[in-house]
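Here the structure comes first, spelled out in structure tokens, and everything after it is commentary.
All values derive from a computational prediction rather than experimental measurement. In what follows, chains are A, B, ... by sequence order, proteins preceding strands, each numbered from 1.
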Amino acid sequence: MPELPEVEVICRGLRPHVVGRRIQEVVCGPKELRLAVPRNALQKQIAGATIMKLSRRAKYLLFDMDNGRRLLVHLGMTGRLGIFPAKAVQALHDHLIFRLDDGMEMRYNDTRRFGFVVVQERTGQENAPLAQLGPEPFWPEFSAEYLKKKAAGRLQPIKNFLMDSRVVVGIGNIYASEILFAAGILPTMPIGSLILDQWRTIITISRQVLTRAIEAGGTTISDYVNASGTPGYFQLELAVYGRAGDKCRKCRAIIEKQTIAGRASYFCPRCQK
DNA sequence: CTGTTAACCTGAGTGC
DNA sequence: TGCACTCAGGTTAACA
């Protein structure tokens with residue numbers, strides 16, 4: 001489901017509801033997520049602790065507790081986190097319930113169960129799975145020189161490269177297509193052949209597209225909603241994703257769809273070279 | 001090392 | 001209605 005903009009919107013939406021709240025109890029459903037649910041740690045280390053800070057790194061939500069622990073939540077494809085009154089009827093695929101000390105509950109719902117949660121010690125050093133992540137798109141480390149060096153001599157399509165979290169985090173299948181359209185570069189372009197100026201364009205455009213998507217509340221294709229259950233509206237601004245056969249909004253050529261590394265990719269054959 | 005495929009899982013949509 | 005099939009916002013082990 002969510003890429004960087006959607007996770008960021010959820011993070012901002014949740015923050016006022018959870019920061020300063022004590023988690024009184026964690027209720028785990030019977031099913032496992034992509035990684036086994038750490039029931040023991042949730043009961044012993046998260047229940048009873050107070051959420052001091054909520055932040056985002058890549059597509060992870062980070063709940064920093066007052067007891068030195070950190071709860072890490074990844075939403076996978078269909079994961080949702082929302083705030084509900086304790087008496088609200090539970091939904092199908094609610095897998096985790098965090099009972100807060102103000103009568104509200106934060107519920108983790110995930111139809112396909114590709115998401116997962118991790119409880120870890122909050123140390124100065126990042127532990128797995130955060131340790132291997134590349135820079136955020138908005139960090140200065142995400143530079144043209146960095147990308148050029150990483151890409152040197154390689155034939156990988158630029159779209160896969162942008163979606164590789166070791167290179168840069170947060171860009172998934174929708175925004176990879178959108179960024180490359182806005183940058184005027186074909187998704188199949190081999191990364192080794194890009195020049196510094198093109199990397200500069202990709203960086204600038206990435207930041208623009210992601211920022212605009214956050215402002216629009218994220219992209220809702222089928223079931224993404226923010227923490228309050230409100231959909232995003234960036235899908236109205238999508239230039240190519242899901243628009244195969246439709247006319248390019250810039251040049252009226254027909255948008256094409258091509259599978260690259262097993263993922264649907266969309267582009268305008270006239271605007272992108 | 002490089003790059004692609006398949007797998008994890010459920011539900012929605014399509015065509016017959 | 002029912003059935004078979006395809007596809008979906010992520011990640012990663014296994015493979016060539």
Evaluate the criterion side chain to side chain donor-acceptor pair (under 3.5 Å) for residue pair A:R69 and A:Q45; output intermediate values, then yes/no. CA-CA 7 Å; A:R69 306 287 162 163; A:Q45 301 169 12; 3.2 Å; yes
From the options [options], select the nucleotide whose nearest atom is closest to the side chain of [X].
X	options	value
A:A264	B:dT4, B:dT10, C:dA8	C:dA8
A:H93	C:dA8, B:dT10, C:dG9	B:dT10
A:Y266	C:dG10, C:dA8, B:dT5	C:dA8
A:Y241	C:dT12, C:dG9, B:dC9	C:dG9
A:K257	C:dG9, C:dT11, C:dA8	C:dA8
A:K59	C:dG10, C:dG9, B:dT5	C:dG10

Which base, if any, makes a Watson-Crick or G-U wobble pair with C:dC15, both distances under 3.5 Å? B:dG3
Paired with C:dG9 by Watson-Crick or G-U wobble geometry, both distances under 3.5 Å: which nucleotide is it? none
For the residue pair A:V169 and A:E136, what are the closest heavy atoms and their distance? CG2-OE2, 3.4 Å
Search all heavy atoms of A:C268 against all heavy atoms of A:I255 and return the closest pair with its distance. CB-CD1, 3.8 Å
Tell me, please, whether A:F181 has A:K250 positioned over its six-membered ring: NZ or CZ under 6.0 Å from the ring centre and within 45 degrees of its axis? yes
Just wondering, do A:F114 and B:dC9 stack (centres under 5.5 Å, planes under 30°)? no
Just to be sure I understand the rule, does [X] reach a base, reach only the sugar-phosphate, or reach nothing, if contact means heavy atoms closer than 4.0 Å?
X	result
A:L92	sugar-phosphate
A:P157	sugar-phosphate
A:R263	base
A:R154	sugar-phosphate
A:N160	sugar-phosphate

Give the C-alpha distance, both sets of side-chain angles, the deciding distance and a yes or no for side-chain contact (heavy atoms from CB on, under 4.5 Å) between A:F138 and A:R207. CA-CA 7 Å; A:F138 299 101; A:R207 290 171 176 161; 3.8 Å; yes
Taking the same atom, [atom1], in [N] and in [M], what whole-Å distance lies between them?
N	M	atom1	value
C:dG9	B:dG3	C1'	23 Å
C:dT11	B:dG11	P	22 Å
C:dC3	B:dC9	P	23 Å

Specify the separation, in whole Å, of atom CD of A:E178 and atom P of C:dG9. 12 Å
Mind calculating the distance between CZ (A:R112) and P (C:dT6) to the nearest angstrom? 15 Å
Can you see if the side chain of A:H74 gets near the phosphate of C:dG10 - specifically, an N or O under 4.0 Å from OP1 or OP2? no
Students often mix this up, so state it plainly: with edges at 30° and 60°, are the rings of A:F116 and A:H74 parallel, tilted or perpendicular? parallel
Would you say the side chain of A:R113 and the base of B:dC9 hold a donor-acceptor pair, judged only by whether the two atoms sit under 3.5 Å apart? no
